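Excluded from the calculations below are hydrogen atoms, water molecules and symmetry mates; all remaining heavy atoms, backbone and side chain alike, are included. Lettering follows sequence order; numbering is per chain, from 1. All of these numbers come straight from a predicted model, not from anything done at the bench.
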Number of protein chains: 2
Amino acid sequence: MTTLQRRTGIALWRQVADQIRQSVLSGMTANERLPAEAELANRFGVNRHTVRAAIAALEKEGTLRAEQGRGTFLNDRRRLQYPIGPRTRFSSGLKDQSQTRTGKLLSSRTIPAPPRVAEALELPKTAEVVELSTVSAADGDPISAATSWFDASRFAAIAEHYAETGSITASLARLGVDDYTRQTTAIEARHASSEDLDLLGLSPGAIVLLTRSVDVDSAGQPIQYGESRFAADRIELLIDNRAPAA
Amino acid sequence: MTTLQRRTGIALWRQVADQIRQSVLSGMTANERLPAEAELANRFGVNRHTVRAAIAALEKEGTLRAEQGRGTFLNDRRRLQYPIGPRTRFSSGLKDQSQTRTGKLLSSRTIPAPPRVAEALELPKTAEVVELSTVSAADGDPISAATSWFDASRFAAIAEHYAETGSITASLARLGVDDYTRQTTAIEARHASSEDLDLLGLSPGAIVLLTRSVDVDSAGQPIQYGESRFAADRIELLIDNRAPAA
DNA sequence: GGCTATTTGTCCGTATGTATT
DNA sequence: CAATACATACGGACAAATAGC
């Protein structure tokens, strides 16, 4: 099966932690007991201390809890599903899966459009854009860090609106965009940058899902280009074609 | 700007390698020269030996090449775009971006349906399914490793057809499925297992995009449940809502 | 209450890998 | 290349808590 590897720059206990998250916990329900440390050590072919180090890491991140004499148990921590489709909206998509959602504005500035941004927004190369850096959280846990760009000539005031509402949809509505749809979403995966580690509260080596998206208004004009980083261990992206645009 | 962290189970040289991939190379064009070792060591706050270890790793995985006396240079490595939508098909999606595409059958077997498979295919818990393990490559580079499940009572012979055609679409056509559409696609990201490292020719620590998908026939009946792993450094997933179902 | 089996928690020592000087 | 300090991994032994009898 899946043998662990040495000398890769990734400690064994961390590989074991990842394995436990994936193969051991995948079929388990909340508050279920894990196999004993000794059995896990045997299964992965490592020392019990190495399994203990892995469990300690998973305990620290909130996935497990160990109780002396009783065993180690799986905490209730679902991966949120973030839907992607023509009607993709951050706020509403997660609403029914979490209690509270917050969107915080980190910074904003008006700059000449970077080439890829100008292309996505169908603006001339000399155009100016508003750049928004935001972090979104659900139930207090940071979910995504995003950078968004808007045509400065049309949406100069969007930063102020976002700071008040914490929502792109609401901010756009205030600026006369009643409705918009997702045109394209490109998805990549990579190791988190040190900035993302900070923003999303991840440990080094963690993975982020990176989406690059273009939203268009009802006239088909691109209004937003965004690059979002999602904590891959807390979220999955879901494309559901059963629910077409309303 | 976060400094690198210790005691996280990820060796410093690997963190530096990830950083170089992310922040240093992101703004660079192909065949551009990297900053000198000493400068990188200074920038990341680590010793030169550590930077050298990181560069050696990146060289081994093919993203950099070091030339004696000249410096270290960024190799040209584009990501293929893999479209996802109602009409998602592996073969045709990549056709215009690569010269040759091959689908190889690794193994097949008929087994009782695992719970998540039975649920996805809307089969009774006692049903049997055909499990196909396949690897797909474009221009000789492995792109994805997939495991697919089909209702054994309806598609018992699919393994033989796939072995001949190297295509799921063609195999289904032979079994009377003229048309099918993608119902759902869930996307996660994780570190590659050692099995995937083998199949996809990756180096340890590499990332895979994992998709779980359900395809349905024209009557809306689920016919295929699949889990695919894509090499995240060679591919990105693209959801394009501009081209609706034909 | 005691006894025992099971499981997690802590301590020792030792060897190897990692990172710096 | 060498010397040093720290992190990782292993092996064993025993303590502490829990559950069942």
Side-chain angles (χ1 to χ4, degrees), chain A residues 1-21 23-25 28-75 191 194 197 202-206, chain B residues 1-21 24 35-61 66 68 72 191 193-194 197 203-206:
Chain A
M1 266 307 181
T2 331
T3 320
L4 303 180
Q5 320 215 339
R6 290 150 213 251
R7 260 178 250 141
T8 59
I10 305 199
L12 264 189
W13 63 261
R14 179 158 282 282
Q15 297 183 54
V16 170
D18 294 340
Q19 285 290 335
I20 289 178
R21 242 199 311 259
S23 56
V24 182
L25 302 184
M28 293 179 55
T29 59
N31 298 318
E32 198 179 332
R33 213 202 74 172
L34 270 74
E37 289 172 359
E39 197 198 313
L40 289 173
N42 183 56
R43 184 187 308 185
F44 292 118
V46 298
N47 193 273
R48 183 166 84 95
H49 295 298
T50 308
V51 171
R52 284 184 59 74
I55 288 176
L58 293 170
E59 226 180 328
K60 200 169 179 180
E61 78 180 35
T63 315
L64 301 180
R65 65 176 185 283
E67 296 178 25
Q68 185 170 157
R70 303 219 317 132
T72 306
F73 301 86
L74 173 59
N75 280 335
H191 290 283
S194 55
L197 293 182
L202 301 171
S203 11
Chain B
M1 222 82 71
T2 318
T3 357
L4 303 182
Q5 306 186 25
R6 288 135 219 257
R7 297 185 203 199
T8 58
I10 316 276
L12 265 189
W13 63 262
R14 178 158 284 283
Q15 296 184 53
V16 170
D18 296 339
Q19 287 291 342
I20 289 178
R21 238 198 316 255
V24 181
E37 277 177 16
E39 197 197 314
L40 289 173
N42 183 56
R43 186 188 306 187
F44 293 119
V46 298
N47 195 272
R48 281 183 62 242
H49 299 302
T50 309
V51 171
R52 284 185 62 75
I55 288 178
L58 291 170
E59 222 178 332
K60 198 169 179 182
E61 78 179 34
Q68 193 152 76
T72 307
H191 289 286
S193 70
S194 58
L197 294 181
S203 1

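- In this structure A57(A) satisfies the side chain to side chain contact (heavy atoms under 4.5 Å, CB included) test together with W13(A), sequence neighbours excluded.
- Counting only residues at least two apart or in different chains, salt bridge (charged side-chain N to carboxylate O under 4.0 Å, His left out) contacts with residues 60-72 of chain A comprise R21(A)-E61(A), R65(A)-E67(A), E67(A)-R70(A).
- A donor-acceptor contact under 3.5 Å is formed by the side chain of R48(A) with the base of dG9(C).
- Rounded to an integer number of Å, the gap from N42(B) CG to dT21(C) P is 12 Å.
- The stretch residues 63-73 of chain A touches DNA chain D through Q68(A), G69(A), R70(A), each having a heavy atom under 4.0 angstrom from the strand.
- The residue R52(B) sits apart from the nucleic acid: no heavy atom pair falls under 4.0 Å.
- Legend: residues meeting side chain to side chain contact (heavy atoms under 4.5 Å, CB included) with N42(B), ordered by chain and number and at least two apart, are absent.
- In plain terms, the two heavy atoms of A54(B) and A17(B) that are nearest each other are CB-N, 3.6 Å.
- For R48(B), the salt bridge (Lys or Arg N to Asp or Glu O under 4.0 Å) partners at least two apart in sequence or on another chain are E37(B).
- Between F73(A) and N31(A), the closest heavy-atom pair is CD2-O, 3.6 Å.
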Pull out every protein N or O sitting under 3.5 Å from an N or O of nucleotides 15-19 of chain C, one pair per line with the distance.
residue, atom, partner, partner atom, Å
dG17(C), OP1, R7(A), NE, 3.4
dA19(C), OP1, L12(B), N, 2.1

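- For dG9(C), the base has no donor-acceptor partner in the side chain of H49(A) [N/O atoms by modelled type, under 3.5 angstrom].
- Remark: E39(A) engages R43(A) in a salt bridge (Lys or Arg N to Asp or Glu O under 4.0 Å) (not counting sequence neighbours).
- Atom CD in E37(A) sits roughly 15 Å away from atom C1' in dG12(D) (whole-Å rounding).
- With sequence neighbours excluded, no residue forms a side chain to side chain contact (heavy atoms under 4.5 Å, CB included) with A38(A).
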